[in-house]
Amino acid sequence: MYDYLIVGAGLYGSVFARQAADAGKSVLVIDKRPHIAGNIFTEEIAGINVHKYGAHIFHTNNREVWSYVNRFAAFNRFTNSPVANYCGELYSLPFNMYTFNKMWGVITPEEAAAKIEEQKKVAGIEKPTNLEEQAISLVGTDIYEKLIKGYTEKQWGRPCKELPAFIIKRLPVRFTFDNNYFNALYQGIPVGGYTQMVMNMLDGIEVSRGIEYLENKAELDKLASRIIYTGPIDAYFGYKLGTLEYRSVRFETEILNIPNFQGNAAVNYTDKETPWTRIIEHKWFEFGKDEEGRDLPKTVISREYSSEWKQGDEPYYPVNDEKNNELYKKYRTLADKEAKVIIGGRLGEYKYYDMDAVIAAALDKTKEVL
Ligand code: UDP
């Protein structure tokens, strides 16, 4: 008999497990996958830590979370600055003075702001109610058409007019030449990969992999007085109120016998014709891998394809539109009635969570229950 059975060895589950173990509780962590670390799992291929479930760049403004993760890994000073490729035209991201200069030839922040204002006026948007209107009112029609529309519709599989405005507010708009993608005080990639970081979190904690919780629920529930479930909330309840929508992602990963494929960790393909959304070149998340390839003549790249989730696929992004959020609320009401079970994390809370927010949520939960 354990105090806690933790279903899912991703970030939420691993943080919860660490805190519970440190509080003297007995803990068993199970995961259906053959590995720990959930979607931040990294695997070394050709000497490079490959982000197997998509690029994860740690960034936070939360000092408590930053010092917490630094207990388990040293972080390098990687700064995310993706490049957008629109039909062969390259633009700096997030939207900053380099972007505005390339798009319109403007030189000063004032000229850039005037250009956006002019395009916003022509579009006649006063109060943005969806992603398209939000985007145009932030950066104007040209940037929306070239750098946002195609990418967003590929990623979400829905017209921008039907998507919530908050998604685009994740991206900063800057009237400076600062192309750091995040507005966070702290940013970096764990040296040695995320898997090693999670392994350190789970140090001394019993972990069983390859175990399907929902298929063996009755038996597994007998093992512990409380359950922390971090899988999809609708799956937990057997989809009895309907299925929540997710976007899934598929990766095509290749090892290339060249030292440098694209010169940057992330290049976003923002046109609608290119079938992938972005290409990640994993070695550029780390340092000490020079572009001439003297220390590493190979490179590993992943093309990322977005698709609608169906049962059996990996759920990645919750589609937080009104319809899905309403359904989630109903599941949450059911979840709150489960005395023995806590349902948390990105899939358990159906939330477009960044890593730091997942950790903060797990830490808060442990403070509440332990
Ligand atoms: N986005 C875009 N063009 C880009 C990159 C992002 O329009 O080149 C929009 C798109 O709608 C996306 C959102 O910004 O869903 C958030 O992007 P972010 O990079 O935060 O997504 P994530 O890294 O979580 O996949």
Side-chain angles (χ1 to χ4, degrees), residues 55 57 59 78-184 187 260-281 284 291 301 303-306:
I57 299 134
H59 56 99
F78 178 79
T79 299
N80 191 28
S81 302
V83 169
N85 181 329
Y86 175 77
C87 306
E89 290 171 30
L90 300 186
Y91 291 92
S92 173
L93 289 176
F95 313 117
N96 68 86
M97 284 303 295
Y98 289 113
T99 327
F100 306 141
N101 173 262
K102 177 93 187 246
M103 188 68 67
W104 300 310
V106 293
I107 304 290
T108 66
E110 204 182 335
E111 287 166 4
K115 197 83 192 170
I116 291 171
E117 199 45 46
E118 175 194 313
Q119 299 198 346
K120 190 179 151 182
K121 228 182 209 159
V122 172
I125 296 156
E126 273 166 22
K127 247 180 132 201
T129 58
N130 57 48
L131 195 151
E132 175 172 298
E133 292 174 7
Q134 182 69 64
I136 294 172
S137 59
L138 285 171
V139 288
T141 317
D142 291 339
I143 290 181
Y144 169 68
E145 293 289 343
K146 287 189 169 182
L147 304 183
I148 297 175
K149 190 173 193 292
Y151 186 91
T152 301
E153 295 189 345
K154 283 192 287 189
Q155 177 168 357
W156 295 97
R158 292 157 174 73
C160 288
K161 280 196 182 82
E162 290 173 19
L163 284 165
F166 84 88
I167 294 176
I168 203 68
K169 285 205 221 145
R170 287 171 60 83
L171 307 192
V173 178
R174 296 209 193 92
F175 294 90
T176 62
F177 289 91
D178 176 6
N179 63 352
N180 179 353
Y181 200 65
F182 300 116
N183 279 324
Q187 180 172 181
N260 187 359
F261 171 73
Q262 62 184 14
N264 203 33
V267 176
N268 294 357
Y269 286 76
T270 58
D271 63 288
K272 71 171 197 296
E273 286 77 22
T274 306
W276 53 84
T277 49
R278 52 188 164 194
I279 302 182
I280 299 301
E281 187 170 10
W284 303 130
E291 67 273 17
I301 61 163
R303 288 187 172 79
E304 192 172 320
Y305 299 84
S306 186

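Along the sequence shown, the residues carry numbers beginning at 1.
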Residue pair A112 / M97: nearest heavy atoms and the distance that separates them: CB-SD, 4.0 Å
Side-chain H-bond candidate by donor/acceptor type, N80 with Q187, under 3.5 Å: no
Nearest heavy atoms of I116 and S137, plus distance in Å: CG2-O, 4.4 Å
Least distance between heavy atoms, R303 atom then F261 atom: NH2-CZ, 4.4 Å
Ring centers of F177, Y98 separated by less than 6.0 Å: yes
Evaluation steps, side chain to side chain donor-acceptor pair (under 3.5 Å), between Q262 and N85: CA-CA 11 Å; Q262 62 184 14; N85 181 329; over 6 Å; no
Side chains of T270 and K146 in contact at under 4.5 Å (non-hydrogen atoms): no
Heavy-atom neighbours of K102 NZ exceed 12 at 6.0 Å: yes
Non-hydrogen side-chain atoms of Q134 and K169 separated by less than 4.5 Å: yes
Parallel, tilted or perpendicular: ring planes of F182 versus H59, cut at 30 and 60 degrees: parallel
Matching residue for R174 among N183, N96, T99 - test: side chain to side chain donor-acceptor pair (under 3.5 Å): N183
Exam field: side chain E153 to backbone C160, donor-acceptor pair closer than 3.5 Å: yes
